[in-house]
Amino acid sequence: MFNTSHILKVLLLFILVTTLSSAQVGINTTSPQETLHIGGDDTTNIKVEGLSAANNVNNLGIGNSTRVYANENGDLTLATSPPSVDIVLDFSNYLDDNGVTVNQTGGGSAFTRTNRPLNTTFTLVRDAIIQINYSVSWSIRKNNNFKISDQRARIIQTGIYLVDDSDNSFVTQDLDGNAINPATVNCNLFGDLLNCLGTDALLGLSGQFYNNSNRTVGEANGFHNTGSDYVRLPAGTYKALFAVQVSVGNASGSGNIQFKLGTANDDIQIIAYYYN
């Protein structure tokens, strides 16, 4: 004699299997949107024991949210996540202390883009916003024996420009294709980077004035320009290099000056804020 409860269980199992194999299933929802749709009014609808703190060392524990990943097999895992913030470059003396000699201009915009003797690069493992902080030293005088004494105000401007290490190209656009700090005077992007004119794509542009009236008295060394800036960049390997301009409104009677960039400690730090 058949047991009625056994028959009901078999029928229910048959209906469940048929439903799972042929239609969408909703748990705690009247309108399933996917093959399996689990609904609810709170945020604790699903529990996977293998992802719990007791079973997985990658679980961040109580009070923290842990990202769940799907691997190539479709398995849910708590894979080790790369850092969201990383210091990708940090130097306390970035330039050679012998300095880079730069000529002054009679106004306008003529930045000298300097190379770093050591070919230091930084790498972004994925798309990121980078923060550039720097402090660069400089000295200025008439020549080795005398200081400038013409009382003409000069402005010493500095900035950072980036080069893509894969092809040594000048980085002029950000991650979204927007021009980086465009200027009215365009650089010749197909020319010599060391003699590129303009302030295009210069980051952390900074400057200060200098004048002096006595060739034996007055400070000529120990100056620093500091700057900070942000830019969005795609993953890749880059070089961060300094650019500098020394300009004076009227260079007549002044002759050449002896300006050097990087005569003391020059700090540069680049921090990457990665997109998740």
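Any value given below was found using the heavy atoms of this structure, including those in side chains, with hydrogens, waters and symmetry copies removed.
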With side-chain hydrogen bond (donor to acceptor under 3.5 Å, both in side chains) as the test, pick out the partner of Trp138 among Asn221, Thr158, Asn225. Asn225
Check [X] against [Y] and note the closest heavy-atom contact, atom names and distance.
X      : Y      : value
Ala240 : Leu89  : CB-CD2, 4.5 Å
Lys239 : Asp165 : CE-OD1, 2.9 Å
Ser139 : Thr263 : OG-CG2, 3.6 Å
Leu162 : Phe170 : O-CD1, 3.5 Å
Arg154 : Val248 : CG-CB, 3.7 Å
Ser206 : Thr226 : OG-O, 2.7 Å

Looking at side-chain heavy atoms only, is the closest gap between [X] and [Y] below 4.5 Å?
X      : Y      : value
Tyr274 : Asp86  : yes
Asp150 : Ile148 : yes
Gln258 : Asn144 : yes
Asn211 : Phe209 : no
Ile257 : Ile140 : yes

Below 6.0 angstrom between ring centroids: does that apply to Tyr134 and Phe242? yes
[X] side chain to [Y] backbone, donor-acceptor under 3.5 Å:
X      : Y      : result
His224 : Ala264 : no
Asp229 : Gly204 : yes
Asn181 : Leu202 : yes

Glu49: partners by salt bridge (Lys or Arg N to Asp or Glu O under 4.0 Å), with sequence neighbours left out: Lys47
Do [X] and [Y] belong together in a cluster built from hydrophobic side chains that touch within less than 4.5 Å?
X      : Y      : value
Ile155 : Phe259 : no
Val125 : Leu233 : yes
Val85  : Leu175 : yes

Could you go through Val171 and Tyr238, starting from their C-alpha distance and side-chain angles, then the distance that decides it, and tell me whether this counts as side-chain contact (heavy atoms from CB on, under 4.5 Å)? CA-CA 9 Å; Val171 180; Tyr238 302 89; 4.0 Å; yes
Is it true that the side chains of [X] and [Y] contain a donor and an acceptor less than 3.5 Å apart?
X      : Y      : value
Ser228 : Asn133 : yes
Ser149 : Asn214 : no
Asp75  : Thr77  : no

How long is the straight-line distance from [atom2] of [Y] back to [atom1] of [X], given to the nearest 0.5 Å?
X      : Y      : atom1 : atom2 : answer
Phe91  : Ile268 : CZ    : CD1   : 9.5 Å
Leu261 : Ser137 : CG    : OG    : 6.5 Å
Asp164 : Thr121 : CG    : OG1   : 11.0 Å
Asp267 : Asn93  : CG    : CG    : 8.0 Å
Asp127 : Asp174 : CG    : CG    : 11.0 Å
Arg215 : Arg141 : CZ    : CZ    : 13.5 Å

Kindly determine whether Ile132 and Ile271 satisfy side-chain contact (heavy atoms from CB on, under 4.5 Å), including the steps that lead there. CA-CA 7 Å; Ile132 298 175; Ile271 305 171; over 6 Å; no
Partners passing side-chain contact (heavy atoms from CB on, under 4.5 Å) against Asn212 (at least two apart in sequence or in another chain): Lys147, Tyr210
Kindly write out the residues that satisfy side-chain contact (heavy atoms from CB on, under 4.5 Å) with Ile129, not counting sequence neighbours, or none if the list is empty. Tyr230, Arg232, Tyr273, Tyr275
Could you go step by step and tell me if Asn178 and Gln173 meet the side-chain contact (heavy atoms from CB on, under 4.5 Å) rule? CA-CA 5 Å; Asn178 300 316; Gln173 295 183 333; over 6 Å; no
Thr172 vs Ile180, side-chain contact (heavy atoms from CB on, under 4.5 Å): CA-CA, chis, key distance, verdict: CA-CA 5 Å; Thr172 60; Ile180 299 175; 5.9 Å; no
